[in-house]
Participant: 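Sharing a structure below in structure tokens format, with a few things to ask.
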Amino acid sequence: MQFRILGPLEVVDDGRRIDVSGQRQRTVLAMLLLESGRVVSNDRLVEAIWERKPPATSRTQVQIGICALRRMLASGPHPCPIVTRSPGYLLRTTEGQLDLHDFEERVAAGGRAAAAHQPQQAVKELRAALELWQGHALTDISSQPVRANAVQLDERRLAVQEQCLELELRLGNHHRAVSELGALVAAHPLRERLRVLLMTALHRAGRQAEALEAYRQARTALVERLGIEPGAELQRLHRMILAGEEEWDAPPRIQPCIKVTADTAQPNGPGNGPTPPAFPVVPAPPAHRIPRLLPADIPDFTGRAQAIQRILAASTRTDAPRTVVPVTVITGRSGSGKTTLAVHVAHRLAPDYPDGQLFANLSGAPGHPTSPAEVLRRFLRALGVADEAIPGSVEERAEMYRDLLAEGRVLVVLDGATSEGQVAPLLPGSPGSRVLITSWRRFTGLPADTRIELSRFRRESSVDLLVKIIGRRRVAAEPLAVEELCRACDDLPLLLRAAAARLAARPHRAVADAVVQTEAVDRYAEVARRPDELRHVEQAVRTCMAPAYGALSPEARQTLRRLAQLKLPDVAPWIGAPLLECEPHRAQDLLDELTESYLLDAVVDQASRAVRYRFPAFVRAFALERLAAEESPEERRAALRRVLDTLAYLTGEAQRRGGYGDPPVPDEPIRCHAMPRSLVDRLLADPFAWYQQERAQVAAAGRQAAEIGLWTISSRLMSSSAALARK
């Protein structure tokens with residue numbers, strides 16, 4: 001069985017083409033083939049198929065798709081190449097099964113032949129490698145994660161074509177190269193290296209006028225589209241042709257993977273004429289400015305030793321495909337120290353990337369993330385491109401950016417990414433560079449060789465950070481207060497640093513005072529006047545929550561705000577339907593969006609396997625502040641009443657269906673909001689089990705209903721709860 005991804009996705013078994021039907025199955029197979037021999041997680045497959053809006057049944061549908069693929073790929077006595085490996089699936093291929101592996105083997109063989117001064121054999125191997133291509137890689141798959149990999153493969157193919165044609169010219173095959181170079185130049189008009197090769201081929205073929213016309217066309221394209229003059233390489237070749245020079249002693253341009261010099265051309269054999277002269281290769285343009293854009297590392301960096309070790313170890317891996325750009329994604333809750341970790345590790349990696357380090361904050365203002373076009377403009381300027389030479393479109397800027405990084409080793413740090421679409425144009429196209437990405441969203445759809453998920457600090461790391469900021473003596477003097485401060489800050493580095501900075505500025509204050517202030521922050525949105533001492537930590541809360549909140553969809557922001565006013569220990573997925581007056585499946589999607597952004601914690605009950613949602617520390621306070629700022633009192637009360645009303649209805653139904661008597665007839669009707677009968681029946685299939693699961697919520701809801709004057713609802717909750725509790 002053979003798999004082909006260097007063109008449309010194809011599977012061939014013993015000469016018979018297997019029809020892999022269904023776009024989902026084709027996307028899953030493409031992801032597995034791109035990572036052949038490596039595990040692809042369920043989350044990445046879900047993201048590849050549905051991107052940002054997977055349905056609630058996405059994992060089940062992925063399993064169904066895998067089963068369908070296994071049936072399609074079953075081949076006689078041979079086992080299916082797709083195997084289950086936690087946390088996803090792995091596709092095993094052997095030698096000769098995957099065209100990408102064949103391509104890389106041929107290219108490597110060409111590189112060895114060129115290094116051994118065997119250019120004819122090198123051309124033969126490279127031509128065999130290029131013949132494996134049937135068009136753009138995976139051209140029939142539209143999934144964004146798949147396309148990100150496919151773009152890198154296409155860049156690799158073009159680099160190999162350039163290397164092959166350079167060897168052809170060194171062997172004197174100018175006439176044959178002209179037509180191929182003409183087609184490549186038409187397809188990639190801004191790639192100056194192709195223009196150099198075309199002009200050289202025309203000149204060596206005795207077509208000087210056409211070579212000069214090729215330069216004029218190159219200059220017109222660059223000036224009109226980019227506003228820049230041709231590079232030094234093109235200009236020098238133009239002058240040489242005008243002067244009628246035949247030989248140049250300039251050093252050759254060394255391409256990645258294949259290293260050739262001007263003396264690699266071999267004799268044609270006795271009596272077959274002299275060796276063709278080396279084609280005119282001009283030196284590379286002057287070295288551009290090396291960007292050093294990393295923010296300063298912090299001197300009191302604390303903890304995260306395991307995460308650092310994993311990221312640094314990824315630099316020495318030898319099992320990754322040679323065409324893949326190394327990408328590390330660091331995710332975690334707001335305030336967990338993602339940026340600090342990325343900057344710290346980037347400084348340690350910097351010596352391995354001598355061609356520069358680029359850094360960009362992608363989060364921007366809340367609700368307005370930085371556009372890829374703006375980041376590319378800044379990166380191109382840092383790489384030495386003049387403002388007037390920077391293209392207008394994102395696509396052209398990305399092409400120029402990838403071209404500038406193609407032969408270098410550059411470290412790119414993208415901080416606070418909000419979506420895969422924002423990141424994709426900023427990825428280099430060649431594996432010599434490396435990318436570190438941080439985000440408060442789980443970027444499962446973005447191809448990455450290393451994924452780090454940060455949680456809160458371990459307690460010893462929290463204490464170590466306080467020691468570095470306020471001193472060991474103050475920490476040792478109040479050990480219990482220090483423990484309480486760490487707990488009050490939820491062991492989040494950002495909040496710990498804010499509280500410690502306040503203590504450092506006021507050395508006469510006790511640590512216990514900071515504990516009281518920090519605990520008050522969790523309620524600050526409900527307090528009309530707050531003491532000045534709280535502002536320092538309040539601002540830290542806003543700083544870490546605002547970008548994640550702004551990146552949410554409007555409906556998800558509304559869900560977070562309205563959930564915050566429920567004084568319940570945790571909530572079940574169904575509660576989103578009455579809260580928003582929407583379909584239950586839509587409410588589930590919104591809760592999942594909040595969980596993906598670390599603004600809600602999803603907790604699975606070990607006994608029932610039911611999912612519950614809880615607010616992390618400090619998120620509720622921030623959400624309550626946004627609720628007061630963005631929704632009217634009438635809207636807030638109506639949403640709260642719908643939830644309490646529905647919970648009272650379900651509790652009464654549990655009493656009635658469980659045979660504990662009928663609930664009393666209320667003075668006002670108790671309603672069930674936005675809950676279809678099928679969902680109610682499923683929830684109350686075992687009325688007493690449902691009540692046991694919701695017991696704490698029912699009691700808390702009864703108290704909250706009484707606090708805001710909803711006496712009918714409070715009475716129903718309390719009376720039905722008492723009847724059910726008597727079992």
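Please read these numbers as outputs of a predicted model, since none were measured by experiment.
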Participant: Check whether any side-chain N or O of Asp355 sits under 3.5 Å from a backbone N or O of Arg409 as a donor-acceptor pair, and report yes or no.
Facilitator: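 At least one qualifying donor-acceptor pair exists.
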Participant: In terms of heavy-atom contacts, does NZ of Lys468 have more than 12 from other residues, nucleotides or ligands at under 6.0 Å?
Facilitator: yes
Participant: Check this for me: Arg70, atom CZ, are more than 12 non-hydrogen atoms of other residues, nucleotides or ligands nearer than 6.0 Å?
Facilitator: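 More than 12 heavy atoms, drawn from other residues, nucleotides or ligands, come within 6.0 Å of this atom.
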Participant: Among all residues two or more places apart in sequence or in another chain, which pass the salt bridge (charged side-chain N to carboxylate O under 4.0 Å, His left out) test with Arg397?
Facilitator: none
Participant: Check side chain to side chain donor-acceptor pair (under 3.5 Å) between Gln161 and all other residues, then give those that pass, not counting sequence neighbours.
Facilitator: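 Per chain and number, Gln161 pairs via side chain to side chain donor-acceptor pair (under 3.5 Å) with no residue.
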Participant: Looking only at heavy atoms, what is the nearest atom pair of Arg85 and Leu90, with distance?
Facilitator: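 For Arg85 and Leu90, the tightest heavy-atom pair comes out as CG-CB, 4.2 Å.
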Participant: Which residue, Leu34, Asn149, Leu6, forms the side-chain contact (heavy atoms from CB on, under 4.5 Å) with Leu138?
Facilitator: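 Testing Leu138 for a side-chain contact (heavy atoms from CB on, under 4.5 Å) against Leu34, Asn149, Leu6 leaves exactly one candidate, Leu34.
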Participant: Go through Thr370 and Arg378 one step at a time and tell me if the side chain to side chain contact (heavy atoms under 4.5 Å, CB included) criterion holds.
Facilitator: CA-CA 11 Å; Thr370 309; Arg378 289 160 50 192; 4.3 Å; yes
Participant: Just by modelled atom types, is the Leu73 backbone N or O under 3.5 Å from a matching donor or acceptor in the Asp13 side chain?
Facilitator: no
Participant: Step by step, would you call Arg459 with Asp491 a side chain to side chain contact (heavy atoms under 4.5 Å, CB included)?
Facilitator: CA-CA 7 Å; Arg459 183 56 51 85; Asp491 290 298; 2.9 Å; yes
Participant: Keeping Thr139 on the side-chain end and His136 on the backbone end, is there a donor-acceptor pair under 3.5 Å?
Facilitator: no
Participant: Can you label the angle between the Phe103 ring and the Trp133 ring as parallel, tilted or perpendicular, going by 30° and 60°?
Facilitator: perpendicular
Participant: How long is the span from the CZ atom in Phe301 to the CG atom in Leu341, to the nearest 0.5 Å?
Facilitator: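 Spacing of CZ (Phe301) from CG (Leu341) equals 5.0 Å.
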Participant: Have Thr27 and Ser143 got a donor and an acceptor in their side chains that come within less than 3.5 Å?
Facilitator: no
Participant: Give a yes or no on whether the backbone of Gly416 and the side-chain of Thr438 come within a donor-acceptor separation of less than 3.5 Å.
Facilitator: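 Yes, because the side chain of Thr438 sits within donor-acceptor range (under 3.5 Å) of the backbone of Gly416.
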Participant: Just wondering, do Trp440 and Ser363 contact through their side chains at under 4.5 Å, heavy atoms?
Facilitator: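 In contact.
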Participant: In this structure, which one of Leu69, Val83, Asn42 forms a side-chain contact (heavy atoms from CB on, under 4.5 Å) with Tyr89?
Facilitator: Asn42
Participant: With a 3.5 Å cut-off and no angle check, do the side chains of Tyr598 and Thr331 form a donor-acceptor pair?
Facilitator: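 Tyr598 vs Thr331: donor-acceptor pair found between side chains.
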Participant: Just by distance, do the side chain of Ser41 and the backbone of Val39 share a donor-acceptor pair under 3.5 Å?
Facilitator: no
Participant: Would you please say whether a donor-acceptor pair under 3.5 Å links the side chains of Arg24 and Gln61?
Facilitator: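 The answer is yes; a qualifying pair exists.
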Participant: Are Gln97 and Thr94 linked by a side-chain donor-acceptor pair shorter than 3.5 Å?
Facilitator: yes
Participant: Look at the side chain of Arg614 and the backbone N and O of Asp601, then say whether any donor-acceptor pair between them is shorter than 3.5 Å.
Facilitator: no
Participant: Can you tell me if Ser461 and Arg304 form a side-chain donor-acceptor pair at under 3.5 Å?
Facilitator: no
Participant: Quick one: which of Val410, Leu404, Val435 gives a side-chain contact (heavy atoms from CB on, under 4.5 Å) with Pro428?
Facilitator: Val435
Participant: Between the side chain of Lys338 and the main-chain N/O of Arg333, is any donor-acceptor distance below 3.5 Å?
Facilitator: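 Present.
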Participant: Between the main-chain N or O of Ser371 and the side-chain N or O of Glu374, is there a donor-acceptor pair closer than 3.5 Å?
Facilitator: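 The answer is no, because no donor-acceptor pair under 3.5 Å joins these two groups.
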